[in-house]
Chemist: 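Please see the structure below; I have some questions.
Residue numbers start from 1 in every chain, and the chains themselves are labelled A, B, ... in the order their sequence lines are given, proteins ahead of strands.
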Number of protein chains: 2
Amino acid sequence: MSELTIGQLAKETGCKVPTIRYFEKIGMLPEPARSAGNTRIYNAATMARLTFICHCRELGFPQKAVRELLGLVDHPDQSCETVTKIAATQLDHVNQRISHLAALKVELERMISSCNGGRVAQCRIVESLADGTHATS
Amino acid sequence: MSELTIGQLAKETGCKVPTIRYFEKIGMLPEPARSAGNTRIYNAATMARLTFICHCRELGFPQKAVRELLGLVDHPDQSCETVTKIAATQLDHVNQRISHLAALKVELERMISSCNGGRVAQCRIVESLADGTHATS
DNA sequence: CTACTACCTATAGTAACTATAGATTCAAGC
DNA sequence: GCTTGAATCTATAGTTACTATAGGTAGTAG
């Protein structure tokens, strides 16, 4: 099953059909082959690419960053300098995100586990993510 | 320095001035006090709240999720059932994000470290994030 | 060969900001 | 006290990244 219609691709990736056409239009997905009747026909490589784009989107990456990452994929034989710079920048963002999320995770877990008297005593979610500030709620 | 103008708040949080007013308009920030001349005056609590919103935005949370999290902050004495349900749902999302980001991090690090021959041999970013698929690039 | 669904293009609408326009206010210097 | 330039105000228009709609064509089951 290496050939897919747009509907099958949508089902596989969880991405909506119009969104797939949109990604093609803006150049993030290649123009696929067409059947005799002009319907789009996708292969596994494009499916992998779309899955990647969807994951990036779930992670909240701006389109520009996704394009940079796809650029690494599309030109694997670029100079190391270029690749490393882009990858390092993205890695910074990823690490920041992970640490923010870890803080949020701790606080959510605390809220869930502190639920034993029928009421949650205090919510410190804001404080947990408002680092560098002196929150006085 | 517990009282801030909108400009100072923007500088402190990295959020743009019109965006702050926008958050007020849609009810994610409270209407602040006003000076004699009608300019907005903010306190530390609002700054913490805004910092939180900005972080959530960087993390790519949809506004609805941010509102739910703020709802936990605004009504800390809700029933445990409500809080736990919301917190658990958000925790699920957070955990998903963390694991996706961890996968991306590994791949970015691999790309950076594999850069020793002047060229990056192969880019497997797509494959690393396109789990569940059999990418044949 | 009809009925139904999936697909096609093109365009309009939505969510979440972001920028612009024109008027008012503050703060510093004369 | 007055000017002048930056910051603020409101209101509205524009942008980004989708998402839905409209009107028509293609494939497929009975």
Chemist: Decide yes or no on side chain to side chain contact (heavy atoms under 4.5 Å, CB included) for B:Phe52 and B:Val73, but give the supporting numbers first.
Modeler: CA-CA 11 Å; B:Phe52 174 76; B:Val73 176; 5.6 Å; no
Chemist: Tell me whether the OP1 or OP2 atom of C:dC17 has a side-chain N or O from B:Arg57 closer than 4.0 Å.
Modeler: yes
Chemist: Choose from C:dC7, C:dC8, D:dT19 the nucleotide whose nearest atom is closest to any side-chain atom of A:Tyr22.
Modeler: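 Selected nucleotide: D:dT19.
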Chemist: Does B:Arg21 put a side-chain nitrogen or oxygen below 4.0 Å from OP1 or OP2 of D:dT10?
Modeler: no
Chemist: Any side-chain N or O of B:Thr19 under 4.0 Å from OP1/OP2 of C:dT18?
Modeler: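 For C:dT18, OP1 or OP2 has a side-chain N or O of B:Thr19 closer than 4.0 Å.
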Chemist: Find the distance B:Lys16:NZ to C:dA19:P and express it as a whole number of Å.
Modeler: 5 Å
Chemist: Within this structure, what is the CG-to-C1' distance between A:Leu29 and D:dC18, rounded to whole angstrom?
Modeler: 14 Å
Chemist: Has A:Arg34 got a side-chain N or O lying under 4.0 Å from the OP1 or OP2 atom of C:dT9?
Modeler: yes
Chemist: Starting at CD of B:Glu24 and ending at P of C:dC17, how long is that distance when rounded to a whole Å?
Modeler: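 Distance check: B:Glu24 CD to C:dC17 P gives 15 Å.
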Chemist: Applying salt bridge (Lys or Arg N to Asp or Glu O under 4.0 Å), run through A:Lys64 and A:Glu68 and close with a yes or a no.
Modeler: CA-CA 6 Å; A:Lys64 197 182 154 198; A:Glu68 284 208 335; 5.8 Å; no
Chemist: When you get a sec, tell me which of C:dC8, D:dT8, D:dT10 is the closest nucleotide to the side chain of B:Thr5?
Modeler: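 It is D:dT8.
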Chemist: Starting at atom CZ of A:Phe23, determine the distance to atom C1' of D:dT19, rounded to an integer number of angstrom.
Modeler: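 Atom-to-atom, A:Phe23 to D:dT19, this comes out as 12 Å.
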Chemist: Given atom CD1 of A:Ile20 and atom P of D:dC18, what is their separation to the nearest angstrom?
Modeler: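 It works out to 13 Å between those atoms.
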Chemist: Which comes earlier along DNA chain C counting from the 5' end, the contact point of B:Pro18 or that of B:Ser35, where each point is its nearest nucleotide?
Modeler: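 Of the two residues, B:Pro18 wins.
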Chemist: Ignoring backbone atoms, establish whether A:Gln8 has a side-chain N or O less than 4.0 Å from OP1 or OP2 of C:dA6.
Modeler: no
Chemist: Looking at the side chain of B:Arg40, which of D:dC9, D:dG27, C:dC17 is the nearest nucleotide?
Modeler: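 Closest of the options to the side chain of B:Arg40: D:dC9.
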Chemist: Between atom CD1 in A:Ile26 and atom C1' in D:dT19, what is the gap in whole Å?
Modeler: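 About 13 Å, once rounded to whole Å.
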Chemist: Quick one about B:Asn43 and B:Thr46 (side-chain donor to acceptor, distance below 3.5 Å, no hydrogens or angles considered), yes or no?
Modeler: yes
Chemist: Would A:Leu50 and A:Tyr42 satisfy side chain to side chain contact (heavy atoms under 4.5 Å, CB included), going step by step from the backbone distance to the final call?
Modeler: CA-CA 11 Å; A:Leu50 179 56; A:Tyr42 294 97; over 6 Å; no
Chemist: Can you check whether B:Ile6 reaches B:Glu24 side chain to side chain, under 4.5 Å on heavy atoms?
Modeler: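 A side-chain contact is absent here, since even the closest heavy-atom pair is not under 4.5 Å.
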